[in-house]
2 protein chains.
Amino acid sequence: MGRRPVPEETKQTLLDHFWKIYCEKPIEKITVREITDAAGFNRGTFYVYFTDVYNALQAIEDSILPGEEQFEEMIKDHHKGLDRHQSLEEFMDFYEQHGEKLQVLLGPNGDPTFVSRIKERVRRLLIPHSSELHKLNEKDRMKFEYMVEAEISSRLGIFTLWFSRGKDLPLEDLHQLVYDMEQKGSHQVGQEMLHRNDFR
Amino acid sequence: MGRRPVPEETKQTLLDHFWKIYCEKPIEKITVREITDAAGFNRGTFYVYFTDVYNALQAIEDSILPGEEQFEEMIKDHHKGLDRHQSLEEFMDFYEQHGEKLQVLLGPNGDPTFVSRIKERVRRLLIPHSSELHKLNEKDRMKFEYMVEAEISSRLGIFTLWFSRGKDLPLEDLHQLVYDMEQKGSHQVGQEMLHRNDFR
DNA sequence: CTTTATCCAACAACGTGTTGTATACTGGTT
DNA sequence: AACCAGTATACAACACGTTGTTGGATAAAG
């Protein structure tokens, strides 16, 4: 009885249980035995699919991180057509799609490596698009990179907080806020907010 | 021969060598023996001062993270007097002071816990200051928190990148860039940059 | 000569990654 | 149908290293 185990299923089962555990405790305290016990496999089986607990985490991260192609597609519009609205839209779609995982990976027990990889990839794909098109000088090219960094950091930070707070704000509002901040600057947005409240 | 060991010195020596190792490899691969061997102490001595490798890291983090009082002082001006220039100045002083450490702690092999602690603390101290003063409504109060999050994330991201690139830009330029972005929004700043380059 | 800080040795407990053998199911061949 | 090769996992045992702890020795300071 019990049908033949399928490798892909086994691997996925292991990942699923690993993830469940990872959500509740830092990775350095997770043992292989803990995972395989939960998943109902022999400890040795884990090593068939992963070299390491950290390797398992990487497998999950890889499944989230969009492939180069998909990423490129997603980013093409960003600074080219200057349609920032759509750029933000796509970013949020991405975040919505993998929200639960991203929340953990970017949270207190998350993986800094993953954050770096995301940023690195965005930079790699974003920079050539505009800097080549507009022939920025050296200094401005650097500044541009820092602006990209700021934007990613800011977006990731905001959405992570938003998720960790159980989406306490309608998506539209958050969208608008981020959009406004990128358009007008946080200072300006803050000022308007205060004035709006003064007049009520 | 050899003068009497002083506890504080020993502790610091251990921390120093731990840090040197931590800069070069992820913490999960650092053993107690590795640290004590490098520092020239017995392995047991480590456990006199720390419970754990992670505990040692925490000790370093605590020495960096400003105390509540100092932090409060540093932040008081931020959204109160609305003197953003000075606020940014203070932030950068803090970053300059602990630059090498922050670069590692916020980098790929860094500690997500530490990032959370910083953000949490800034939020805790920043929110009451303005939201009480200006009686924001519930929704705006939340938005305000997200704006704070965005600003911290953005600043930390930028400065970490800046450090990891060996400060490839004069501090003044970076300062100006961040200031501009917070005032006018990254989009606006980017636009101006492009136009400036068109006319040359 | 007492206190203090470190050394040293040894300990059990546990996690790691690996290996060899056994079992059981699958799909394809005859 | 019967058989066989391939595959996925089980199981057990291994050597090895790390952990955190302990009790006693050593050496310097006051």
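A note on names: the letters A, B, ... follow the listed sequences, proteins ahead of strands, and every chain is numbered from 1.
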(message) Tell me the closest heavy-atom pair linking B/Leu15 and B/Ala56, and the distance in Å.
(response) CD2-O, 3.5 Å
(message) The side chain of A/Asn42 is closest to which nucleotide in this list: D/dT21, D/dA10, C/dT16?
(response) D/dA10
(message) Between A/Lys29 and A/Glu34 (salt bridge meaning N to carboxylate O under 4.0 Å), is one present in this structure?
(response) no
(request) Would you mind telling me which of D/dT18, C/dT16, D/dA10 lies closest to the side-chain atoms of A/Val53? (result) C/dT16
(message) Tell me whether the rings of B/Tyr22 and B/Phe18 are parallel (<30°), tilted (30 to 60°) or perpendicular (>60°).
(response) parallel
(message) With a sphere of 6.0 Å drawn around NZ of A/Lys167, does it hold more than 12 non-hydrogen atoms of other residues, nucleotides or ligands?
(response) yes
(request) Would you mind reading off the distance between A/Asn55 atom CG and C/dT16 atom P, rounded to a whole angstrom? (result) 14 Å
(message) Rounded to whole Å, please give me the gap between CZ in A/Arg43 and P in D/dA10.
(response) 13 Å
(request) Return the orientation label for the A/Phe50 and A/Phe46 ring planes: parallel under 30°, perpendicular over 60°, tilted otherwise. (result) tilted
(request) From the options C/dC7, D/dT21, D/dA10, select the nucleotide whose nearest atom is closest to the side chain of B/Tyr47. (result) D/dT21
(request) May I have the distance from A/Ile35 (atom CD1) to C/dT16 (atom C1'), rounded to whole angstrom? (result) 13 Å
(request) Please determine, for the side chain of B/Phe41, which listed nucleotide (C/dA5, D/dG20, C/dC7) has the closest atom? (result) C/dC7
(request) Give the rounded distance in Å between these two atoms: CG of A/Asp37 and C1' of D/dC11. (result) 14 Å
(request) Starting from P on C/dC14, measure out to CD on A/Glu34 and report it in whole angstrom. (result) 14 Å
(message) Between B/Thr45 and C/dC7, is there a contact of a side-chain N or O with OP1 or OP2 at under 4.0 Å?
(response) yes
(request) Using whole Å, report how far CD1 of A/Ile30 lies from P of C/dC14. (result) 19 Å
(message) Once you apply a heavy-atom cut-off of 4.0 Å, does A/Val48 come out as touching a base, just sugar-phosphate, or nothing?
(response) nothing
(request) To the nearest Å, give me how far apart NZ (A/Lys29) and C1' (D/dT19) are. (result) 13 Å
(message) I need the CD-C1' distance between A/Glu28 and C/dT16, as an integer number of Å.
(response) 17 Å
